[in-house]
Amino acid sequence: MGGRVKLIRKELKMTQEQLAQRLGIGKAALSMIETGKCGLSARNQNILVQELNVNPDWLETGKGQMFNAEPDYTAFRLRSDNSLPMQSVPLYSVEGTAGLVPLFAKQEEAKPINFIHIPNLPKCDGAIYVSGDSMYPLLKSGDIVLYKQLHNLEDIFWGDMYLLSIDLDGEEYITVKYIQKSDREGYVRLVSQNPHHADKDIEISRIRALALVKASIRMNSIR
């Protein structure tokens, strides 16, 4: 099955990183699946079948057509991942801007605490430090995520990693999660990388701010 997963990826002209994000797993985990070192979970099989139109019989046996219908290329055609030779990405303190919502609303007026200069990155609007361990080991508390703000929830790329502001009883909750389709109308599913954090369906109306995570920087502490 791992070899067939690789064929699917090649047919869709996706990188390992893109398919891994769509499946909600790490690039290293996908590489192990493609080489047969570990199996494909039932959850990830469902994503291939339900979201990418993969024929379940072909996925299981290799017999028949690879796809039940024309695969969905839209999410990848609409990407703006062309790298810039150099850009100056502002690094913000969410505490200093009183939250993600006011930061996104008046980012032009917000004062960065510093700037990040990394060559050949996709266009980013800004960067912030993350907290919590829901995306561990991909991200840990104190790492930096660089983001591209989304103004329309209809532009969500299912399975990708997002920076979100969620309304919890009138208070802002900021998190980084994979966003997948939910079986419930008017909801999306938030998925963590850390298996100790359960998936959660939330109402779309509770999302107050949203940004696509374009890159991350690991902060290592040396003692």
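Just the heavy atoms: all of them, side chains too, but no hydrogens, waters or symmetry mates, feed the values below. The residues of the chain are indexed from 1 along the displayed sequence.
By the ring-ring contact (aromatic ring centres under 6.0 Å, His included) test, Tyr178 is found to be paired with no residue, residues two or more places apart in sequence or in another chain being considered.
The line from CG of Leu212 to CG of Leu150 is 6.0 Å long, rounded to the nearest 0.5 Å. Going from atom CG of Asp183 over to atom CZ of Arg189 covers 5.5 Å, rounded to the nearest 0.5 Å. In this structure, the separation between CD1 on Ile207 and CD1 on Ile202 is 4.5 Å, given to the nearest 0.5 Å. Taken to the nearest 0.5 Å, the OH atom of Tyr129 stands 14.0 Å off from the CG atom of Leu139. The CG atom of Asp160 sits 11.0 Å away from the CH2 atom of Trp158 when rounded to the nearest 0.5 Å. Ile204 contributes atom CD1, which lies 11.5 Å from atom CZ of Arg184 (distance to the nearest 0.5 angstrom).
Exactly one of Leu40, Leu19, Leu30 qualifies for a side chain to side chain contact (heavy atoms under 4.5 Å, CB included) with Ile25. That residue is Leu30. Met135 pairs in a side chain to side chain contact (heavy atoms under 4.5 Å, CB included) with only one of the listed residues (His197, Met161, Lys140), which is Met161.
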**Q.** Residue pair Ser141, Val130: steps toward the side chain to side chain contact (heavy atoms under 4.5 Å, CB included) verdict
**A.** CA-CA 6 Å; Ser141 188; Val130 297; over 6 Å; no

Q. When you look at Leu59 and Met1, which way does the side chain to side chain contact (heavy atoms under 4.5 Å, CB included) test go after all the steps?
A. CA-CA 7 Å; Leu59 184 61; Met1 184 177 292; 4.1 Å; yes

Q) Between Ser182 and Asp201, does a side chain to side chain donor-acceptor pair (under 3.5 Å) hold up when you go through it step by step? A) CA-CA 7 Å; Ser182 171; Asp201 287 354; 3.0 Å; yes

**Q.** Full working for side chain to side chain contact (heavy atoms under 4.5 Å, CB included) between Glu172 and Ser165
**A.** CA-CA 6 Å; Glu172 182 181 22; Ser165 170; 2.7 Å; yes

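By the neighbour-count criterion of 12 heavy atoms within 6.0 Å, atom CD of Glu203 is densely surrounded, having more than that number from other residues, nucleotides or ligands.
Proximity of the aromatic rings of Phe104 and Tyr147 is defined here by a centroid distance below 6.0 angstrom, and this criterion is met.
Salt bridge Arg218/Asp143: present, at least one basic N to carboxylate O contact under 4.0 Å.
Using a distance-only test at 3.5 Å, with no hydrogens or angles considered, a donor-acceptor pair links the side chain of Arg206 to the main chain of Asp167. Of the possible donor and acceptor atoms, one in the side chain of Tyr162 sits under 3.5 Å from a partner among the backbone N and O of Phe157.
At a threshold of 4.5 Å between non-hydrogen side-chain atoms, the residues Ile128 and Leu103 count as touching. Using a 4.5 Å cut-off on side-chain heavy atoms (C-beta onward), Ser192 and Lys177 make contact. In this structure the side chain of Leu7 reaches within 4.5 angstrom of the side chain of Trp58, judged on heavy atoms. For the pair Ile179 and Leu210, the minimum side-chain heavy-atom distance is below 4.5 Å. In this structure the side chain of Asp199 never reaches within 4.5 angstrom of the side chain of Leu190, judged on heavy atoms.
Screening residues 28-40 for side-chain hydrogen bond (donor to acceptor under 3.5 Å, both in side chains), with sequence neighbours left out, gives Arg9-Glu34, Gln16-Glu34.
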